[in-house]
Protein chains: 2
Amino acid sequence: MPKPLPLLDPLPSADVCCTPLTSAPLSAEQAEDLAVRLKAIADPTRLRLLSIVLSSQGMEACTCDLTGPLGLSQPTVSHHLKKLAAAGLVVGERRGTWTYYRVVPDALAALAAVITPGG
Amino acid sequence: MPKPLPLLDPLPSADVCCTPLTSAPLSAEQAEDLAVRLKAIADPTRLRLLSIVLSSQGMEACTCDLTGPLGLSQPTVSHHLKKLAAAGLVVGERRGTWTYYRVVPDALAALAAVITPGG
DNA sequence: CCACGAGATCGACGTCGATCAATCTCTTGT
DNA sequence: ACAAGAGATTGATCGACGTCGATCTCGTGG
């Protein structure tokens, strides 16, 4: 019987999560925090990773399902998944031998909201 | 009398602009194109640049207004403005000695729309 | 208890990008 | 026509990052 494990870094602090871009000049710290999360998705491989997971049945996929479509090695895929998880954009759940990853829609929505003009 | 000059790269092709992230797996080309534009804003200095311009009166600022608040050299600021302009996120207009930059809200909105889940 | 397999970590390598000083271009004012 | 100033470009430097092979960890099955 597969038991879920945390296994990943806890979600990063959400207290600085939603400072709007249009209201006032960002502080160096706010800009750094936002940039870290945007860098997580500003990579072609990670964008493809997200899109593949989102279009999989059950909205989840294990690492082994991703190496093939991406044409990348397993360590590289794990590296990218770790970055996405550190940014809170995906969560991984260990079920038996495999680790299944799901996208966190709220995290994506929050990122979109920050860069939306007039929002 | 100041005459406006193009002086910047034309806006990048908008034909691949809006492929949604959630509908289907992105191709390598689509992911690359999206990543280029996301990289433009995935930098703390450029995020601060955008926020400063957006919160300036008239929604515009010249390069000389930006070096001070950012604490960076003039060539570095020009470098970042060029990157933002190449991604179509800002446009520059030469007026006399100074070049004034404005944010392109539609470009920001398009970027936000792509990463919006369920969109 | 041991072999196998999935996934995470480590170390190394190559490339890209942020930054600056120096220089170049162009406009303004004298 | 010339000096001054704003901004863009160039070249160099240094750190960050993507990628891989090798190794490590851990759960599964015999």
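Quick note on labels: first sequence line is chain A, next is B, and so on, each numbered from 1. No experiment lies behind these values; they were computed from the predicted model shown.
- Among the nucleotides D/dT19, C/dT19, C/dG17, the one closest to the side chain of B/Leu72 is C/dT19.
- Distances shown here put every side-chain N or O of A/Arg95 at or beyond 4.0 Å from the OP1 or OP2 atom of C/dA6.
- One interatomic measurement links the two molecules: NZ of B/Lys83 to P of D/dA8, which rounds to 16 Å at whole-angstrom precision.
- If you measure from atom CG of A/Leu84 to atom P of D/dC17, you get 14 Å, rounded to the nearest angstrom.
- Across the protein-nucleic acid pair, B/Glu60 atom CD and D/dG7 atom C1' stand 16 Å apart, rounded to whole Å.
- When distances are taken from the side chain of B/His80 to each of D/dA6, C/dT19, C/dG17, the shortest belongs to C/dT19.
- The residue among A/Thr97 and A/Pro75 whose nearest nucleotide of DNA chain C is located toward the 5' end is A/Thr97.
- In the hydrophobic clustering of this structure, A/Leu89 groups with A/Leu70; members are Ile, Leu, Val, Met, Phe, Trp, Tyr whose side-chain heavy atoms approach within less than 4.5 Å, directly or through other members.
- B/Tyr101 has a side-chain polar atom (N or O) that falls below the 4.0 Å cut-off from OP1 or OP2 of D/dA8.
- Between B/Thr63 and D/dA8 there is a side-chain N or O to OP1 or OP2 distance below 4.0 Å.
- Hydrophobic clustering places A/Val77 together with A/Val90 (ILVMFWY residues linked when any side-chain heavy atoms are closer than 4.5 Å, directly or through intermediates).
- For the pair A/Arg95 (side chain) and A/Thr97 (backbone), a donor-acceptor distance under 3.5 Å is absent.
- Residue contacts shown for B/Lys39 are absent, as no nucleic acid heavy atom lies under 4.0 Å away.
- Linking Ile, Leu, Val, Met, Phe, Trp and Tyr whenever their side-chain heavy atoms come within less than 4.5 Å puts B/Ile52 and A/Leu34 in one cluster.
- OP1 or OP2 of D/dT19 sits under 4.0 Å from a side-chain N or O of A/Thr45.
- For B/Thr76, the side-chain atoms get nearest to C/dC20 when compared with the rest of C/dC20, C/dA8, C/dG17.
- The distance from atom CG of A/Asp43 to atom P of C/dT15 is 17 Å, rounded to the nearest whole Å.
- The nucleotide whose nearest atom lies closest to any side-chain atom of B/Lys82 is, among D/dT9, C/dG7, D/dG18, D/dT9.
- Checking C/dC20, D/dC20, C/dA6 against the side-chain heavy atoms of A/Trp98 singles out C/dA6 as nearest.
- Checked by distance alone, B/Gln74 brings a side-chain donor or acceptor within 3.5 Å of a matching partner on the base of D/dA8.
- In this structure, A/Arg46 atom CZ and D/dC17 atom C1' are separated by 9 Å, rounded to whole Å.
- The nucleotide whose nearest atom lies closest to any side-chain atom of A/Thr99 is, among C/dA8, D/dA8, C/dG17, C/dA8.
- For B/His79, the side-chain atoms get nearest to C/dT19 when compared with the rest of C/dA8, C/dT19, D/dA8.
- The backbone N or O of A/Ala61 sits nowhere less than 3.5 Å from a side-chain atom of A/Ser56 that would complete a donor-acceptor pair.
- Distances were taken from every side-chain heavy atom of A/Arg94 (C-beta onward) to each of D/dG7, C/dA6, D/dG18; the shortest belongs to C/dA6.
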